[in-house]
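Taking it in order: structure first as structure tokens, then the write-up.
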Amino acid sequence: MSIDRILSDKEFMKIAHLIIDNEEFQKRKNFLHHNDSVYEHSLKVSYRAYKFAKYLSKIYSVSIEEVIIASLLHDFYTTPWQDAPKIKKPLLEKHGFVHGKIACQNARKYFPNYMTLRVEDSITKHMFPLTKPPRYIEGWLITLADKYVSLNIFLNPCSLPKYIGIRGKNRSR
Ligand SMILES: [Fe+2]
Ligand SMILES: [Fe+2]
């Protein structure tokens with residue numbers, strides 16, 4: 001799915017532009033996320049989660065607006081993790097385990113008006129099973145969409161440590 005195609009979906013953008021147009025969110029174009037930027041990755045995950053939510057909403061109550069907001073902000077952490085100081089940390093403090101919580105704190109700072117229990121829980125727990133399971137259906141759709149978009153990670157197990165936030169000896173960007 002190309003970014004241009006996502007940006008041209010009027011129904012999706014009606015909600016998504018509230019986040020995408022924000023100057024701080026735009027800075028994620030400079031944060032590397034595997035082969036994409038965090039900006040591109042977040043848009044892809046959000047669009048996928050939105051499609052899941054639309055489909056599911058035919059038979060189950062799901063808040064499409066909160067899915068779009070939370071998924072756009074699911075990786076809204078403050079520093080590209082590759083640039084974080086190379087300090088040895090316990091496993092449970094590594095990027096993969098903590099960045100959902102950091103993203104949520106940062107989202108509260110820049111988007112306080114859009115933070116709801118569902119949005120906050122979905123952002124914080126999107127890395128399940130590295131975190132507690134999401135409490136709401138919206139969070140389950142986002143964690144699923146994130147893994148779906150990152151599927152190449154599971155097809156290439158060598159990149160799994162990087163996904164979790166454990167750096168290899170050769171620090172590559
Ligand atoms: Fe993430
Ligand atoms: Fe992600």
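Counting starts at 1 for both ligands and their atoms, in listed order.
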Backbone or side-chain N/O/S of His126 under 2.8 Å of the Fe ion (ligand 2): no
Exercise: do Glu66 and Ser122 side chains pair donor with acceptor under 3.5 Å: no
Ring centroid separation Phe76 to Phe111 under 6.0 Å: yes
Which residues share a salt bridge (Lys or Arg N to Asp or Glu O under 4.0 Å) with Glu138, sequence neighbours left out: Arg118
For the Fe ion (ligand 1): the N/O/S atom of His99 at shortest distance: NE2
Angle at the Fe ion (ligand 2) (to 10°), with one arm to OD2 of Asp75 and the other to NE2 of His74: 80°
Metal check, the Fe ion (ligand 2) vs His41 N/O/S, cut-off below 2.8 Å: yes
Donor + acceptor pair across side chains of Asp9, Tyr47 (<3.5 Å): yes
Nearest atoms (heavy-atom pairs only) where Phe31 meets Thr78: CZ-O, 3.5 Å
Minimum-distance atom from the Fe ion (ligand 2) among N, O or S atoms of Asp146: OD1
